[in-house]
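Comments concern the structure below.
Lettering follows sequence order; numbering is per chain, from 1.
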Amino acid sequence: MIKAVRGTRDLLPPDTALWNFVESAARDVFRAYNFQEIRTPIFESTELFARGVGEETDIVSKEMFTWEDRGRAESEKGNSLTLRPENTAGVVRAYIEHKLWDHGLNKLYYIGPQFRRERPQKGRYRQFYQIGAEAIGPASAGSESPARDAEVLEMLATLLDRLGIAGWNLELNSVGCLNDRAAFNDALRKALEPVVGKMCTDCQRRAVTNPLRVFDCKVPADQPIIDTLPRISQFLDEACHTHFEAVKEILTKVGVPFTLNDRLVRGLDYYTRTAFEFTHGALGAQNAILGGGRYDGLSESLGGPAAPGIGFAIGEDRIVMSLQESSTAESMLTKPDVYLAPLGAGMNAQAARLARELRRHDIVVDLGDETFRLKKSFETATKAGAKYILIVGENEVKADAFALKNLATGEQVSVPRADLPNKIRE
RNA sequence: GUGGGAAUAGCUCAACUGGCAGAGCACCGGACUGUGGCUCCGACGGUUGCGGGUUCGAUUCCCGUUUCCCACCCCA
């Protein structure tokens, strides 16, 4: 048997109803903030992710699905292509390619699959789904304003509340600009030098490759040491500090609760200033349901003009997972308003005509078959959750009035053809 | 990529120290020829994930492999 490949899965009804619920709630909320949809290709030049996400990140160095395309001629070498591991780089690429700065501030959202070659576990798949948004444009259009950061964060709080996800927590930090980070990294290396020998092997490695990540360490014995290390907050320059203060002030005034976490660092190279994560308990080790931040230098690093921006990506798989605990996807499924039961030879055609009429009135119609015994039609209609069953037999056709039975109450009446739509919608 | 656990009917799970592979639910049919849900009866359903080994005999023990799960690494 051929099975779905490692780390991929089929989404089936009734669960798909839950996915649609999440996606349409997101679209509704985004619309209220005037975000518009963008759709970018699911594969791009490998170079885009190497330059955008960062050559040294785990994502680029070992977690991408990359292959070489065929060249135009036999002798010619093809391009290196990659399934997108995230969507921000693609959006910024499109921003540059289509000169979207002509529109001032762009508020864009996307919903779609992403791909990472990681070891699968619960809430982590090789094809996973993200719902994300980016506010990007020239600084003169307000893209660099703390108002954007606060707007995006408040939008996310609204969406999570709307989805009924109780108990989310917004963790907030500022990772400063590139200069701040350089100074902080130096200080961190210096501070780590005398103590790193006492830390876990992971931290010893991180101290060399990416000192920032030492803050992610969960080894209890290392925590007292980590507590003594310098924090990025001490290295923010005047502009970054002011920016961060303004974001916090707006959030407080609009009533979005947050927790400051000066150990929060993000894995992708392009993040600057505001960095955030929404977490939710009861999701195991994968407790982050969304993450994001500002990426003021990303456009330039991809060869574009200065275009400050802020965005986020929601792990849709994890949102759906947390909803499955509280709500039943079953209840979100569309159910037929009426089940048509053709009874006897020639009745399929009669039922088809009726079904067509009813569907024109936006009535959800399910249709049986004339060879079914009536008992079977009733069973099928009941199992499908239909509200009514309509019998289409010789007698009914002759009288041009049909037996309509309410499957919940058991009440059955004969209804003239012309009255059916109104009667069914009652 | 590292460490650990698991895999038996469509689903949830049994099967004693290694001795005929089972139940509940679901599905299909019947009791009931144009009236469902409840009840009763019946039928269907399996190379025990896959491949090898030990054995008279393997779902059971051993080795390999695949997938899922848990935790790392990392991340949404």
Are A:Tyr109 and A:Phe30 an aromatic pair by the rule of ring centers under 6.0 Å? yes

Pair A:Phe276, A:Ile310 - check side chain to side chain contact (heavy atoms under 4.5 Å, CB included), show working. CA-CA 11 Å; A:Phe276 58 87; A:Ile310 181 163; 4.3 Å; yes

Per-pair distances, 0.1 Å, donor-acceptor, side chain in residues 184-196 of chain A, under 3.5 Å, sequence neighbours excluded:
| residue | atom | partner | partner atom | Å |
| --- | --- | --- | --- | --- |
| A:Asn185 | ND2 | A:Arg181 | O | 3.3 |
| A:Arg189 | NH1 | A:Val208 | O | 3.2 |

Is it true that the side chains of [X] and [Y] contain a donor and an acceptor less than 3.5 Å apart?
{"X": "A:Asp369", "Y": "A:Thr371", "value": "yes"}
{"X": "A:Gln36", "Y": "A:Asn34", "value": "yes"}
{"X": "A:Asn79", "Y": "A:Ser45", "value": "no"}

Any pair counted as side chain to side chain donor-acceptor pair (under 3.5 Å), so long as it reaches residues 380-398 of chain A, sequence neighbours left out: none

Could you name each residue pair satisfying side chain to side chain donor-acceptor pair (under 3.5 Å) that touches residues 146-162 of chain A, not counting sequence neighbours? A:Asp28-A:Arg162, A:Tyr33-A:Glu154, A:Tyr33-A:Thr158, A:Lys107-A:Glu151, A:Arg148-A:Glu151, A:Asp149-A:Thr274, A:Asp149-A:Arg294, A:Glu154-A:Thr158, A:Asp161-A:Trp168

Minimal non-hydrogen separation, A:Leu264 against A:Ala275, with atom names: CD2-O, 3.6 Å

Whole-Å gap separating [atom2] ([N]) and [atom1] ([X]):
{"X": "A:Tyr109", "N": "B:A76", "atom1": "OH", "atom2": "P", "value": "22 Å"}
{"X": "A:Gln412", "N": "B:G37", "atom1": "CD", "atom2": "P", "value": "15 Å"}
{"X": "A:Gln114", "N": "B:C75", "atom1": "CD", "atom2": "C1'", "value": "13 Å"}
{"X": "A:Gln127", "N": "B:U67", "atom1": "CD", "atom2": "P", "value": "16 Å"}
{"X": "A:Lys405", "N": "B:U35", "atom1": "NZ", "atom2": "C1'", "value": "5 Å"}
{"X": "A:Glu379", "N": "B:C27", "atom1": "CD", "atom2": "P", "value": "9 Å"}
{"X": "A:Lys122", "N": "B:A6", "atom1": "NZ", "atom2": "P", "value": "18 Å"}
{"X": "A:Leu156", "N": "B:A76", "atom1": "CG", "atom2": "P", "value": "14 Å"}

Rounded to whole angstrom, note down the [atom1] distance from [N] over to [M].
{"N": "B:U59", "M": "B:C50", "atom1": "P", "answer": "11 Å"}
{"N": "B:G49", "M": "B:C69", "atom1": "C1'", "answer": "15 Å"}
{"N": "B:G45", "M": "B:U33", "atom1": "C1'", "answer": "30 Å"}
{"N": "B:G46", "M": "B:G36", "atom1": "C1'", "answer": "33 Å"}
{"N": "B:U8", "M": "B:U67", "atom1": "C1'", "answer": "16 Å"}
{"N": "B:C56", "M": "B:C13", "atom1": "P", "answer": "37 Å"}
{"N": "B:U65", "M": "B:G5", "atom1": "P", "answer": "15 Å"}
{"N": "B:C11", "M": "B:G4", "atom1": "P", "answer": "29 Å"}

Please list each protein N or O that sits under 3.5 Å from an N or O in nucleotides 1-5 of chain B, with the distance.
| residue | atom | partner | partner atom | Å |
| --- | --- | --- | --- | --- |
| B:U2 | O4 | A:Arg119 | NH1 | 3.1 |
| B:G3 | O6 | A:Arg119 | NH2 | 3.3 |

Are A:Arg9 and A:Asp15 close enough for a salt bridge, meaning some N to O gap below 4.0 Å? no

Is the shortest side-chain N to carboxylate O distance from A:Glu379 to A:Lys375 below 4.0 Å? yes

Rounded to the nearest 0.5 Å, what separation is found between the CD atom of A:Gln114 and the CD1 atom of A:Ile42? 9.0 Å

Does the B:G34 base have a donor-acceptor partner in the side chain of A:Glu396 within less than 3.5 Å? yes

Can you tell me whether the side chain of A:Lys375 and the base of B:U35 have a donor-acceptor pair closer than 3.5 Å? no

Where each pair must be Watson-Crick or G-U wobble with both distances under 3.5 Å, what dot-bracket representation of RNA chain B is obtained, with crossing pairs in [ ] and other-strand partners as |? (((((((..((((.....[..))))..((((.......))))......(((((..]....))))))))))))....

Checking all strands, does [X] fall into the base, sugar-phosphate, or nothing category for heavy-atom contacts under 4.0 angstrom?
{"X": "A:Ile391", "answer": "base"}
{"X": "A:Gly410", "answer": "base"}
{"X": "A:Phe128", "answer": "base"}
{"X": "A:Asp317", "answer": "nothing"}
{"X": "A:Leu290", "answer": "sugar-phosphate"}
{"X": "A:Ala384", "answer": "nothing"}
{"X": "A:Glu316", "answer": "nothing"}

Where each residue is assigned the nucleotide of RNA chain B containing its nearest heavy atom, which of A:Gly7 and A:Lys376 is assigned the position nearer the 5′ end? A:Lys376

Nearest heavy atom decides the nucleotide; on that basis, is A:Ala408 or A:Phe278 closer to the 5' end of RNA chain B? A:Ala408

Enumerate all atom pairs, one protein N or O and one N or O from nucleotides 40-51 of chain B, separated by less than 3.5 Å.
none

Would you say A:Arg425 has more than 12 foreign heavy atoms packed within less than 6.0 Å of its CZ? yes

Would the number of heavy atoms belonging to other residues, nucleotides or ligands and lying under 6.0 Å from CG of A:Asp227 be above 12? yes

Look at the side-chain N and O atoms of A:Gln121 and state whether any lies under 4.0 Å from the OP1 or OP2 oxygen of B:C68. no

Compare the minimum distances between each of B:G34, B:A76, B:C74 and the side chain of A:Arg318, then state the nucleotide with the smallest one. B:A76

